[in-house]
Structures are given as structure tokens and as C-alpha cells.
Amino acid sequence: CKLQGEVDDCSCKVKSIDSLNNHMVYPRLKSLLSRNYFRYFKVNLNKVCPFWSDDSKCAMRNCAVNICPEDQLPDGLKKTSTKNKYTEESQEDCQGDDLGYLNTTISQESEQAFENWTKYDDAQETFCEMDDDTSPHMKYVDLLLNPERYTGYKGISPHRIWNSIYNENCFKAPEQPAYNPQALTDYTLEGLCLEKRAFYRMISGLHTSINIHLCHQYLFPATTCYGKEEWGPNLDEFQRRFDHTQSNGRGPQWLKNLYFTYLVELRAIAKAAPYFEEEGFFTGNDEEDMDVRQGVKDLLKVVKEFPNQFDESKLFIGNKKEAKALKVEFREHFRNISRIMDCVGCDKCKLWGKLQVQGMGTALKILFSGDGMGPMSTVNAGSKKKFQLRRTEIVSLFNAFGRLSMSIHAIEEFRKLLR
Ligand code: FAD
């Protein structure tokens, strides 16, 4: 499918990513993501779409998501468990020396101001609007039991989402016409700066990955009255979307954008490696947690040595005021995309859409928080603020990277089928 050469805006070759991903990264990630710490994701699938009235609640059975009952969760994640580190942790935070002092001295009014200030401060770091952890609609989902695959979600509803993402939230050169998926006019990156090109490439790479998954785990209808439906790779569907000749020449570029997104998230994991090397990956089972820590270290070793990684130091440089304004704009656009995920009309697609956008947002937080606030602050003693990731950010980042890694692996399978 004419997928070759270097990934644009990175000097890494498609071929070397294929080889390193498929032999080194993918097998390690696959095993890691099946562990309890990574397989349970807490999400609110009932948030109201903030942009338009929810037109299309998908009734297809493949769109349904199975919620994980509380008693099936690992001990450490149960609300009722005494081992729940996440409740303990937040209580400890509030009783810490500094905050304890503040809490007794500030009035209720200033307490509110303090809370708003903390929220504001956190928002400056996050690129994503996160689900409110205190909402009763927050539920754990077992990702292994709800795989991302073909659901039959198509037509006006997903087109509205993709349209809104590309037309209203990706950056455009002033003279560029509106992106019209039906008319096969493509988004052009001409005249855009590196930051804006990167933004589009990451979104397009995510779009590619989602579509590869639905081609790779496609549902073939039964061929006889008594036959069974079957899941498997659909080469025709893959070619329809990505083959050079069938996609008006655009498929190979969309595939390359997947590799770009992969390099961005890989770099974020490599950059935050010192942080992850100290993380406990707590689930309440000592043996399991130790295995996971070992598995993460093993993965980090490979990730850190990956050649020609995405270079975040080339972004948001130059005139300080302009760079700062551009970063704010970049963050606001990305946050909007995280809100659009609540408008997806198929629960299974929404689950994976929210997870992957949150994972990408976590990668951006790691790459662009600034060293005083970013992962290096945990290593550089004496910095102003200690870098922190919530469990949900870690789970979404590793799973999002896992999706991209699996997509690249799936491309290899499609190549074999083609041969
Ligand atoms: P679409 O994929 O809908 O694309 C619309 C237009 O965008 C295309 O015509 C093309 O011009 C352009 N385009 C296509 N790919 C790219 C790219 N990579 N970069 C830039 N432009 C591109 N379906 C499932 O079966 N399972 C899922 O898990 C699933 N998850 C989804 C998650 C989200 C957040 C959304 C919005 C949709 C999801 N879908 C899922 C639907 C799926 O992505 C497609 O929208 C659907 O299969 C219809 O495909 P299509 O051929 O009409 O083109």
C-alpha cells in the first residue's frame, strides 16, 4: 500500500518502526495490558454531549459495553476494600503538613478559592477534560472483555464526529476550504507550523488506528442459515480504506500518521520512564504488582532505546509570548476533542475513543508540561511542583499506546494476507 520511507516530521523509517514494534514492543505490551492494573478502566459513558442533542443511541448489540461488577474488581480497586490505596492516598494528601495547616487557618470562602485555584492549576497541566471521579456514573470496565473491534457504527453520526474534529478543532491555513469527507477533498498541511501539523497528524493517526481495528476484527455474517458469524481480518475493508488506488491516494499518508502518533506516545513513555520506574502499580496483590513492575521495567528498557524518537523540544519554541499562546490554543483544541468523545453514538466506540484521547492527552501532558512541572520534576530535586499522574492517566496512556502498537502489528498481518 505504498507505505514506506520516513515518517513525516520525524526522521524514523517506517521499516524500522515495524521491526522494533512487532518484535520488541508489541509482545511486551500485549502481556502487560492483560494484567489487572491495566485491564480495568474507570469511565463515565453517560455524560451528556455538550455540543448537540444526542441523536443516535446505537442499539446494535456490538456497541454494548459490559460494566464490571464491584465484586469482580481486584481488591485494591474496590470501594469497600480497606486496601484501596486510591482513597487512602487522597486522604493522606489532604492531611499532609502544608495542607493541614492551610485547612485549619483558611475560612470557608478562601477554601473555595483555594479549591478553584488547585483546579485551575491542574487544568493548566492537563490536555484533556477528565471524567469527574465522584460522579455516580463512573464505572469500571474490563477492557479485555470489551475489545475494540467492528461494531457497525457508521453513517451520519460518526461522520459528524470526524467532521467536527477535523473542521472545527484541527488547525487550518486561512485559505483552506472546509474538509469534506464525502467530496474526497483532503486536509492540507501546507502553510501550517510544526505544532499544527503535529496536532492533525496525531488525530489522523488515531482515526487510522480505530479503523484498522475494525478491519482487523471484523464481523463476517453467517454464510448459511445455520452458520455462525465470525470475527477476523477483512482485507477488502482494509484495502477500501487504505489502499493507494482505492483511497484517492490518501490511505498511505493516513497510515503514516499512525506511525507519527505512535512515535509521540512512545516518546512520552520514554520521557516519563523515571516516574514509571518508581510507580507501585498497586492492585492489592503483592505478587501481581511485583510482576507488573518488572514487566513495565522490561518495556521501558526497549522504549528508551528506541531510535529517532519524536523530538518535543522542537515544538513551542521561538518567541516566548507567541509560543505560550500557541500552546494554550493547542491545549484548548485538544480539550474540545476530549469533550466531543461524549457525543459518540456507540458505547463501545465511545469507551475506546475516550480512553485513547485521554491517553494521548496524558502523553501531551508529559511532553509539554515544562520541566519544572513535568516528569523531570520528580527527578530534579527542589523543583516547584512534584509531577503526578493519576491511575486513570497511566492506564489510558499504556492502553492507548497498546492500540497503536497493535495497529502496526495488524498492518504486517494485512501485508501477509496480501501476499
Ligand atoms: P470514516 O472513518 O467515518 O471517515 C470519514 C472521512 O474521513 C473519510 O471519508 C475520509 O475522507 C476521512 N478519513 C478517513 N480516515 C482518515 C484518517 N485516518 N485521517 C484523516 N482523514 C481520514 N467503528 C467500529 O466499527 N468500531 C469502533 O470501535 C469504532 N470506534 C469509533 C470511535 C470514534 C471516536 C468514532 C468517531 C468512530 C468510530 N467508529 C468505530 C466508526 C468508524 O471510525 C467509521 O466512522 C465508520 O466505519 C464509517 O467509515 P467511513 O468509511 O464512512 O469513513
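Heads up: numbering here begins at 1 and tracks the sequence. Counting starts at 1 for both ligands and their atoms, in listed order.
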Numbering as shown, the atoms of ligand 1 that approach [X] to under 4.0 Å (heavy-atom distance):
X: Tyr200; value: 20 (C)
X: Leu214; value: 23 (N), 24 (C), 25 (O), 42 (C), 47 (O)
X: Glu148; value: 28 (O)
X: Pro158; value: 45 (O)
X: Cys349; value: 26 (N), 27 (C), 28 (O), 29 (C), 30 (N), 31 (C), 32 (C), 40 (C)
X: Tyr153; value: 23 (N), 37 (C), 38 (C), 39 (N), 41 (C), 46 (C), 47 (O)
X: Tyr150; value: 25 (O)
X: Val344; value: 34 (C)

Check [X] against ligand 1 and report side chain, backbone, both or neither, counting heavy atoms closer than 4.0 Å.
X: Arg250; value: side chain
X: Lys348; value: neither
X: Phe242; value: neither
X: Arg240; value: side chain
X: Thr151; value: both
X: Asn211; value: side chain
X: Lys350; value: neither

Assess, by modelled atom type and distance only, whether the side chains of [X] and [Y] contain a donor and an acceptor separated by less than 3.5 Å.
X: Arg339; Y: Asn336; result: yes
X: Asp243; Y: Thr245; result: yes
X: Asn62; Y: Tyr153; result: no

With Val43 as reference, evaluate Met138, Gln358, Lys354 under the side-chain contact (heavy atoms from CB on, under 4.5 Å) test and give the passing residue.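 Single side-chain contact (heavy atoms from CB on, under 4.5 Å) partner of Val43 among Met138, Gln358, Lys354: Lys354.
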
Is it true that the NZ or CZ of Arg391 lies under 6.0 Å from the centre of Tyr37's six-membered ring and within 45 degrees of the ring axis?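 Satisfied, under 6.0 Å and within 45°.
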
Neighbour count above 12 (heavy atom, 6.0 Å) for Glu230 CD: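 It does not: Glu230 CD has 12 such atoms or fewer within range.
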
Under 4.0 angstrom from ligand 1, any heavy atom of Arg241?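 Yes.
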
Could you tell me whether [X] and [Y] make a salt bridge, using a distance below 4.0 angstrom between a side-chain N and a carboxylate O?
X: Lys154; Y: Glu237; value: no
X: Asp298; Y: Lys301; value: no
X: Glu332; Y: Arg335; value: yes

Compare the SG-SG distance of Cys63 and Cys349 against 2.5 Å and report whether it is shorter.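 Unbridged: Cys63 and Cys349.
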
Interatomic spacing from CZ in Arg35 to CG in Leu144 - rounded to 0.5 Å: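 Rounded to the nearest 0.5 Å, the CZ-CG separation comes to 11.5 Å.
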
Any nitrogen or oxygen of [X], side chain or backbone, less than 3.5 Å from one on ligand 1?
X: Lys154; answer: no
X: Tyr166; answer: yes
X: Thr208; answer: yes

From His207, Arg149, His213, Glu237 - option closest to atom 1 (P) of ligand 1 by heavy atom: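 Among His207, Arg149, His213, Glu237, the closest heavy atom to atom 1 (P) of ligand 1 comes from His207.
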
